[in-house]
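Beneath this line is the structure, given in structure tokens, with notes to follow.
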Amino acid sequence: MNGTHLSNRLQTVADFVKPGARLADIGSDHAYLPVHLAKQGVIQAAVAGEVVKGPYHNAVSEIDGEQLNAVITARLADGLAAIQPDDQIDTIVIAGMGGTLITNILESGKAHLTHHERLILQPNVGEDHVRRWLQDNHYQIVAERILAEDGHIYEIIVADPAEHAVKYSAAELKFGPFLLQEKSPVLKTKWRSEQTRLQQVIQTMKQAKNAPEAKIQEFEQECQQIQEVILNED
């Protein structure tokens with residue numbers, strides 16, 4: 001993968017960046033995403049934010065090598081602190097990290113949000129944490145994608161600012177409002193695997209000398225929810 005050829009995961013993220021956007025890619029690593037979008041003429045400007053020096057220097061090198069310094073600025077900063085008011089950012093990407101970390105970045109960086117930004121988020125795990133944060137902070141989920149690549153399953157969540165409060169059901173927070181409607185084979189594969197994992201954990205817990213009954217019941221209910229909401233049509 002490079003700035004010319006993205007992975008399917010990053011290309012799916014890129015597809016949700018509107019033409020003419022001013023992008024902040026938080027946790028940009030090599031800055032492949034903003035470089036790709038700049039070379040395609042999609043974005044006006046971009047900030048590639050990195051909190052770790054190694055990836056930051058990788059981003060600087062990639063931007064320099066592609067001669068895109070006039071379009072993309074690399075910044076060494078923690079989370080949304082990479083964004084400055086003069087950047088006039090209208091699109092924020094946070095991809096390739098856990099859902100809890102993504103929500104922590106959004107929550108701790110609220111001062112850098114104007115609530116006019118499109119958020120394109122790709123959590124590796126903990127997608128429900130991300131959806132709950134969006135709900136609690138008046139962002140409407142407008143699209144979702146799920147895809148399998150290199151043995152992993154990824155979800156992309158796209159949200160735009162909402163004028164009024166947004167409320168999702170427990171099932172929508174867990175599985176995704178758009179993904180629930182589609183119930184794609186990839187979604188079923190993901191949750192079938194999770195159901196199997198939970199069942200194995202339950203069996204191990206039941207063999208313990210002092211079995212944690214409350215936790216067993218919680219996991220059994222989760223397995224039942226997966227079965228009823230996702231897998232019953234199989």
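Positions are given from 1 along the sequence. If you're wondering where the values come from, they're calculated on a predicted model, not measured in any experiment.
- Among all heavy-atom pairs drawn from A82 and V47, the shortest one is O-CG1, 3.7 Å.
- With sequence neighbours left out, the ring pair (Phe, Tyr, Trp, His ring centres under 6.0 Å) criterion links Y139 to H115, W133.
- Side-chain heavy-atom separations under 4.5 angstrom define the hydrophobic clusters, and the remaining members of the one that includes Y56 are V60, L76.
- Screening residues 110-125 for salt bridge (charged side-chain N to carboxylate O under 4.0 Å, His left out), with sequence neighbours left out, gives E107-K110, R118-D160.
- With hydrophobic clusters built from ILVMFWY side chains whose heavy atoms lie under 4.5 angstrom apart, V142 does not share a cluster with V130.
- When all heavy atoms of I26 and G79 are compared, the closest pair comes out as CD1-O, 3.7 Å.
- Considering only heavy atoms from C-beta on, I89 stays 4.5 Å or farther from L23 through its side chain.
- A pairwise comparison of heavy atoms in E194 and I226 identifies CG-CD1, 4.1 Å as the closest pair.
- With a 4.5 Å cut-off on side-chain heavy atoms, I83 and R75 do not count as touching.
- When the side chain to side chain contact (heavy atoms under 4.5 Å, CB included) test is applied to A21, the partners found at least two apart in sequence or on another chain are V17, I43, D90, T91.
- Residue pairs meeting the salt bridge (charged side-chain N to carboxylate O under 4.0 Å, His left out) criterion with at least one member in residues 125-137, sequence neighbours excluded, are E127-K190, R131-E144, R131-E155.
- T204 is linked by a side chain to side chain contact (heavy atoms under 4.5 Å, CB included) to nothing, counting only residues two or more places apart in sequence or in another chain.
- The aromatic rings of H152 and Y154 lie tilted to each other, with the angle between the two planes from 30° to 60°.
- A 4.5 Å side-chain heavy-atom check between Q40 and H36 finds at least one atom pair inside the cut-off.
- For the pair N137 (side chain) and L134 (backbone), a donor-acceptor distance under 3.5 Å is absent.
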Show me the donor-acceptor pairs, under 3.5 Å and distance only, between side chains in residues 92-105 and residues at least two apart or in other chains.
| unit_1 | atom_1 | unit_2 | atom_2 | d |
| --- | --- | --- | --- | --- |
| T103 | OG1 | G99 | O | 3.3 |
| T103 | OG1 | T100 | O | 2.7 |
| N104 | ND2 | T100 | O | 3.4 |

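- Using a 4.5 Å heavy-atom cutoff, the side chains of P55 and V52 are in contact.
- Just one of L231, V201, L198 meets the side-chain contact (heavy atoms from CB on, under 4.5 Å) condition when paired with C223; it is L198.
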Can M205 and F219 be said to form a side chain to side chain contact (heavy atoms under 4.5 Å, CB included), step by step? CA-CA 10 Å; M205 285 180 168; F219 286 171; 3.6 Å; yes
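- Neither V51 nor L106 shares a network with the other; the hydrophobic side chains, linked directly or stepwise wherever heavy atoms of I, L, V, M, F, W or Y lie under 4.5 Å apart, form separate groups for each.
- Screening residues 43-55 for salt bridge (charged side-chain N to carboxylate O under 4.0 Å, His left out) gives no qualifying pairs among residues at least two apart or on separate chains.
- Annotation: side chain of S184 is not in contact with side chain of L179 (no heavy-atom distance under 4.5 Å).
- Partners of Q181 under the side-chain hydrogen bond (donor to acceptor under 3.5 Å, both in side chains) rule, at least two apart in sequence or in another chain, do not exist in this structure.
- The side-chain hydrogen bond (donor to acceptor under 3.5 Å, both in side chains) check on D29 picks up nothing, with sequence neighbours excluded.
- Following chains of ILVMFWY side-chain contacts shorter than 4.5 Å, one can reach L121 starting from Y168, so the two form part of one hydrophobic cluster.
- Judged as a ring pair (Phe, Tyr, Trp, His ring centres under 6.0 Å), the pairs with a partner in residues 189-209 (not counting sequence neighbours) are, in order, F175-W191.
- Proximity of a side-chain donor or acceptor of Q140 to a complementary backbone N or O of A162 within less than 3.5 Å is not detected.
- Shortest non-hydrogen contact noted between A148 and V186 is N-CG1, 4.1 Å.
- Counting only distance, with no hydrogens or angles, the side chain of Q122 and the backbone of I156 share no donor-acceptor pair below 3.5 Å.
- Not one N or O on the side chain of S61 forms a donor-acceptor pair closer than 3.5 Å with the backbone of H57.
- Of the possible polar contacts, none joining the R145 side chain to the I157 backbone as a donor-acceptor pair under 3.5 Å is found.
- If you chain together hydrophobic residues whose side chains sit under 4.5 Å apart, L33 and V158 fall into the same group.
- Transitive grouping of hydrophobic side chains (ILVMFWY, heavy atoms separated by less than 4.5 Å) keeps L187 and L173 in distinct clusters.
- The salt bridge (charged side-chain N to carboxylate O under 4.0 Å, His left out) contacts involving residues 210-222 comprise K174-E222, K206-E220, K215-E218, where partners must be two or more places apart or lie in separate chains.
- At a cut-off of 3.5 Å, with distance as the only test, no side-chain donor of E62 or N58 sits close to an acceptor on the other residue.
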Could you go through the side chain to side chain contact (heavy atoms under 4.5 Å, CB included) check for Q224 and E228 one step at a time? CA-CA 6 Å; Q224 185 64 26; E228 291 176 355; 2.8 Å; yes
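- Heavy-atom neighbours of D64 CG from other residues, nucleotides or ligands within 6.0 Å: above the threshold of 12.
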Show your working on side chain to side chain donor-acceptor pair (under 3.5 Å) between Q203 and Q207 and close with a plain yes or no. CA-CA 7 Å; Q203 290 307 311; Q207 293 168 10; 5.1 Å; no
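- Going from atom OG1 of T73 over to atom CD of Q84 covers 8.5 Å, rounded to the nearest 0.5 Å.
- For the pair H138 and H164, the minimum side-chain heavy-atom distance is 4.5 Å or more.
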